[in-house]
There are 2 protein chains.
Amino acid sequence: MAGRKTTPLKDFSLGTHRCSVDLRLEKLSMVPFFTDLDEGKLTAINQQFSAAHHHADETIYHQDERATMLRVVVHGAVKLVRHTMDGKDVLLDMLQPGDYFGNFSTTGKAIYSETARAQTDVCILSIRMSNFRSLLNDYPEVAVAVLDITADRLQSSREKIRHLTTLTVKKRIAHILVMLSEKFGEQNAYGLLLQLPLSRKDLADMVGTSSETASRIMSDFQDQDIIKTGRQWVAISDINRLADIAKE
Amino acid sequence: MAGRKTTPLKDFSLGTHRCSVDLRLEKLSMVPFFTDLDEGKLTAINQQFSAAHHHADETIYHQDERATMLRVVVHGAVKLVRHTMDGKDVLLDMLQPGDYFGNFSTTGKAIYSETARAQTDVCILSIRMSNFRSLLNDYPEVAVAVLDITADRLQSSREKIRHLTTLTVKKRIAHILVMLSEKFGEQNAYGLLLQLPLSRKDLADMVGTSSETASRIMSDFQDQDIIKTGRQWVAISDINRLADIAKE
DNA sequence: GCACTAAAATGATCTGGCTCAATTAAGGGA
DNA sequence: TCCCTTAATTGAGCCAGATCATTTTAGTGC
């Protein structure tokens with residue numbers, strides 16, 4: 001069968017890639033809240049963004065820093081983490097190209113309430129928060145679209161609260177794997193591969209457990225041929241079984 | 001000391017109260033996302049709302065129902081609850097006059113994701129979701145205000161996730177009592193009285209524990225003279241101690 | 001003041017998942 | 001191909017908090 005083992009994940013490195021104006025425009029038009037805008041408006045908006053690259057594991061911004069920018073993922077994956085002083089992390093969200101992040105609320109102090117870290121090499125567009133806000137006033141359709149996305153995030157955040165208070169760790173892990181497969185899943189030889197580096201600790205921080213418990217459960221799933229997994233990668237062999245387990 | 005024991009909570013019953021157009025207008029202007037509007041606009045908007053009363057414990061709408069209305073609390077308190085089939089409830093939010101509730105996201109099916117129940121007798125204003133959405137398009141300032149509120153709720157929802165995954169039940173209860181005191185606290189003879197009916201089960205559902213555990217912890221707090229509590233009511237004697245306990 | 005009801009308190013037991021502590025092995029580098 | 005680092009696995013003991021079962025009590029209605 002196989003020869004040398006290598007990670008089945010694709011290479012996220014940016015190499016000499018530079019974010020050209022054209023590429024930025026294309027990416028911006030993919031951002032859900034700009035899709036409805038005509039090209040003219042979009043070009044104008046594009047001017048206000050600037051691009052930046054970060055290597056995997058680099059911190060894009062840190063929790064409690066002054067929040068001045070709103071950002072959009074163009075390439076790669078970004079994770080949002082909240083730290084606690086006792087060393088525990090909570091992984092709030094895993095973002096993919098097209099997702100925005102940063103801080104809104106003008107009400108209250110403009111402080112990032114979480115740390116954003118590059119999960120892979122990433123390319124990020126950013127705009128000054130003040131500019132973005134006047135953008136919202138100029139284009140109501142954008143404001144409504146952003147509101148919809150935020151409302152959806154609130155929904156899934158509340159869903160997560162329900163899970164944390166009512167489901168066992170096993171069900172929560174099954175659930176998050178299904179969610180991740182919808183967002184990052186990519187069919188390949190191993191099954192439905194989650195196209196991002198994902199450690200046991202990441203998984204544990206997502207569902208609020210210890211990495212040891214996450215590991216035990218993943219081993220269990222693998223023994224039952226539900227998943228296939230290696231260092232920092234997970235592929236799902238039997239999504240239906242997983243969904244069944246997640247079902248409350 | 002005191003003679004006959006009665007609940008120190010105020011009487012929330014509406015009696016013969018009817019929501020006059022004037023009262024509605026006054027209440028609407030208190031809603032955070034309408035405060036910036038001039039009176040003319042507000043009067044126009046007021047037309048689109050209709051008022052309804054519910055008795056304590058009545059369900060205003062039920063989880064999984066088709067979501068068509070957006071509502072605003074005018075009088076009383078409303079709780080948002082998610083049910084699980086195994087009988088566990090999760091209390092997502094406790095609303096007071098001026099707070100909106102219902103469902104936004106046009107994306108995805110318009111289904112209420114939680115049940116809204118009257119915690120006291122309540123008076124509620126409601127507007128058709130479709131009308132509210134065109135309102136958002138007509139008045140960008142409203143859209144931005146609603147976005148800000150929603151973003152804040154997302155924040156506190158994420159905060160709650162962190163608490164659930166990193167704090168002990170005792171700290172979580174201390175924390176929620178502090179939060180509730182900020183929102184519903186009212187100084188009186190007993191101390192800082194939370195001006196709403198609040199059972200051990202409500203408290204338990206808010207922090208994701210069992211009512212027995214909540215009860216034990218509340219007894220403990222009372223023994224330490226941190227709170228004073230009876231049936232469905234809680235008054236805080238020593239908010240600082242409570243805040244210290246909540247501190248991680 | 002008395003009786004009644006549902007909330008709250010309390011006791012006893014049990015367990016899912018955490019913690020601490022090694023051990024094993026995946027997969028990148030040269 | 002071997003080496004090395006760090007992720008992942010696995011074992012054992014322990015405890016916060018759930019659950020089940022009663023008893024107590026607050027507060028309302030009469």
Side-chain angles (χ1 to χ4, degrees), chain A residues 2-13 56-57 84 86-90 119-120 163-173 190 196-205 207-223 227-235, chain B residues 1-13 56-57 84 86-90 119 163-173 190 197-205 207-224 227-235:
Chain A
R4 171 69 174 288
K5 281 184 221 160
T6 48
T7 180
L9 294 178
K10 76 176 180 201
D11 184 9
F12 280 94
S13 61
D57 279 335
T84 3
D86 54 344
K88 288 192 172 191
D89 291 339
V90 181
Q119 183 74 353
T120 65
H163 288 172
L164 283 169
T165 56
T166 61
L167 300 186
T168 61
V169 173
K170 184 177 236 174
K171 287 180 179 188
R172 268 141 59 196
I173 290 190
Y190 286 93
L196 83 169
L198 187 71
S199 69
R200 294 294 179 263
K201 175 162 196 320
D202 287 332
L203 216 41
D205 289 346
V207 302
T209 187
S210 63
S211 55
E212 292 94 332
T213 298
S215 182
R216 280 181 241 274
I217 289 169
M218 293 297 274
S219 297
D220 183 31
F221 285 163
Q222 189 154 32
D223 290 347
I227 61 169
K228 201 145 198 50
T229 174
R231 277 200 164 197
Q232 312 246 50
W233 62 269
V234 180
Chain B
M1 269 193 69
R4 171 74 172 286
K5 281 184 220 163
T6 46
T7 180
L9 293 178
K10 76 176 179 202
D11 184 9
F12 280 95
S13 59
D57 279 335
T84 4
D86 55 344
K88 289 193 173 190
D89 291 339
V90 181
Q119 183 75 355
H163 288 172
L164 282 169
T165 56
T166 61
L167 300 186
T168 60
V169 173
K170 183 176 236 175
K171 288 181 179 186
R172 268 142 57 197
I173 289 190
Y190 286 93
L198 189 71
S199 69
R200 295 293 178 267
K201 175 159 197 319
D202 288 331
L203 217 42
D205 289 346
V207 302
T209 186
S210 63
S211 54
E212 292 93 334
T213 298
S215 181
R216 280 180 240 272
I217 290 169
M218 293 297 275
S219 297
D220 183 33
F221 284 164
Q222 190 154 30
D223 290 347
Q224 295 183 248
I227 62 170
K228 201 145 199 52
T229 175
R231 274 195 170 204
Q232 312 247 50
W233 63 269
V234 180

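FYI, side chains are in, hydrogens and waters are out, and symmetry mates aren't considered; it's all heavy atoms of this structure. Numbers restart at 1 for each chain; the letters A, B, ... are given by sequence-line order, proteins then strands. Worth saying up front: this structure is predicted, and the values here are computed from it rather than measured.
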**Item:** side-chain N/O A:W233 vs D:dA7 OP1/OP2, d < 4.0 Å
**Value:** no
**Asked** NZ of A:K171 versus P of C:dG16: gap in Å, rounded?
**Response** 13 Å
**Prompt:** At their closest point, which heavy atom of B:R172 faces which heavy atom of B:V207, and how far apart are they?
**Reply:** NH2-O, 2.6 Å
**Request:** Return yes if some donor-acceptor pair links the side-chain N/O of B:D202 with the main-chain N/O of B:S199 below 3.5 Å, else return no.
**Result:** yes
**Item:** Interatomic distance, B:D220 CG vs C:dA9 P [rounded to whole Å]
**Value:** 11 Å
**Request:** Measure from CD on B:Q232 to P on C:dA9 and round the result to the nearest Å.
**Result:** 12 Å
**Asked** What pair of heavy atoms forms the shortest contact from A:D220 to A:K170, and how long is it?
**Response** OD2-NZ, 2.8 Å
**Message:** D:dT10, OP1 or OP2 - any side-chain N/O from A:S219 closer than 4.0 Å?
**Reply:** yes
**Chi angles and distances behind the side chain to side chain contact (heavy atoms under 4.5 Å, CB included) call for A:T229, A:R200** = CA-CA 10 Å; A:T229 174; A:R200 294 294 179 263; 3.0 Å; yes
**Message:** Counting neighbours of NZ on B:K201 that are heavy atoms of other residues, nucleotides or ligands and sit closer than 6.0 Å, is the number greater than 12?
**Reply:** yes
**Request:** Identify the two heavy atoms, one from A:Y190 and one from A:K228, that lie closest to each other, and give their separation to 0.1 Å.
**Result:** CD2-CD, 4.0 Å
**Request:** May I ask you to decide if A:S211's main-chain N or O and A:S215's side chain share a donor-acceptor pair within less than 3.5 Å?
**Result:** no
**Asked** Within the structure shown, what part of the strands sits under 4.0 Å from A:T168 by heavy-atom distance: base, sugar-phosphate, or nothing?
**Response** sugar-phosphate
**Asked** Between A:K201 and B:G230, which has a closest nucleotide on DNA chain D that is more 5'?
**Response** A:K201
**Message:** Taking 4.0 Å as the cut-off, does a side-chain nitrogen or oxygen of B:S210 come that near to OP1 or OP2 on D:dA18?
**Reply:** yes
List, with names and distances, any nitrogen or oxygen atoms from the protein found under 3.5 Å away from nitrogen or oxygen atoms belonging to nucleotides 20-25 of chain D.
unit_1, atom_1, unit_2, atom_2, d
D:dC20, N4, B:E212, OE2, 3.3

**Message:** Check the phosphate of C:dT19 against A:K88, side-chain N and O only, distance under 4.0 Å to OP1 or OP2. Yes or no?
**Reply:** yes
**Complete:** B:L167 atom CG is separated from D:dA16 atom C1', nearest whole Å, by 14 Å
**Request:** Considering just the side-chain nitrogens and oxygens of A:S199, establish if one lies under 4.0 Å of OP1 or OP2 belonging to D:dA7.
**Result:** no
**Prompt:** Which part of the nucleic acid, if any, lies within contact of A:K170, taking any heavy atom under 4.0 Å across all strands shown: a base, the sugar-phosphate backbone alone, or nothing?
**Reply:** nothing
**Pair pattern of DNA chain D in dot-bracket, where unpaired bases get dots and | marks partners in another strand, Watson-Crick or G-U under 3.5 angstrom** = ||||||||||||||||||||||||||||||
**Complete:** Heavy-atom nearest pair, B:A214 first then B:A204, reads CB-CB, 4.1 Å
**Message:** Could you walk me through whether A:Q232 and A:T7 satisfy the side chain to side chain contact (heavy atoms under 4.5 Å, CB included) test, starting with their C-alpha distance in whole Å, then the side-chain angles of each, then the deciding distance to 0.1 Å, before giving a yes or no?
**Reply:** CA-CA 8 Å; A:Q232 312 246 50; A:T7 180; over 6 Å; no
**Request:** Measure from CD on A:Q222 to P on D:dT10 and round the result to the nearest Å.
**Result:** 9 Å
**Asked** Just how far, in rounded Å, is P of D:dT19 from CG of B:D86?
**Response** 9 Å
**Asked** At under 4.0 Å between heavy atoms, what does A:T209 touch on the DNA or RNA strands: base, sugar-phosphate, or nothing?
**Response** sugar-phosphate
**Item:** Rounded interatomic separation in angstrom, taking CG from B:L164 and C1' from C:dG17
**Value:** 16 Å
**Request:** Round to the nearest Å and state the distance from B:R200 atom CZ to D:dG27 atom P.
**Result:** 10 Å
**Request:** Would you check, one step at a time, whether the test side chain to side chain contact (heavy atoms under 4.5 Å, CB included) holds for B:I173 with B:M218?
**Result:** CA-CA 9 Å; B:I173 289 190; B:M218 293 297 275; 4.1 Å; yes
**Request:** Between C:dA8, C:dC18, D:dT9, spot the one nearest the side chain of A:S215, thanks.
**Result:** D:dT9
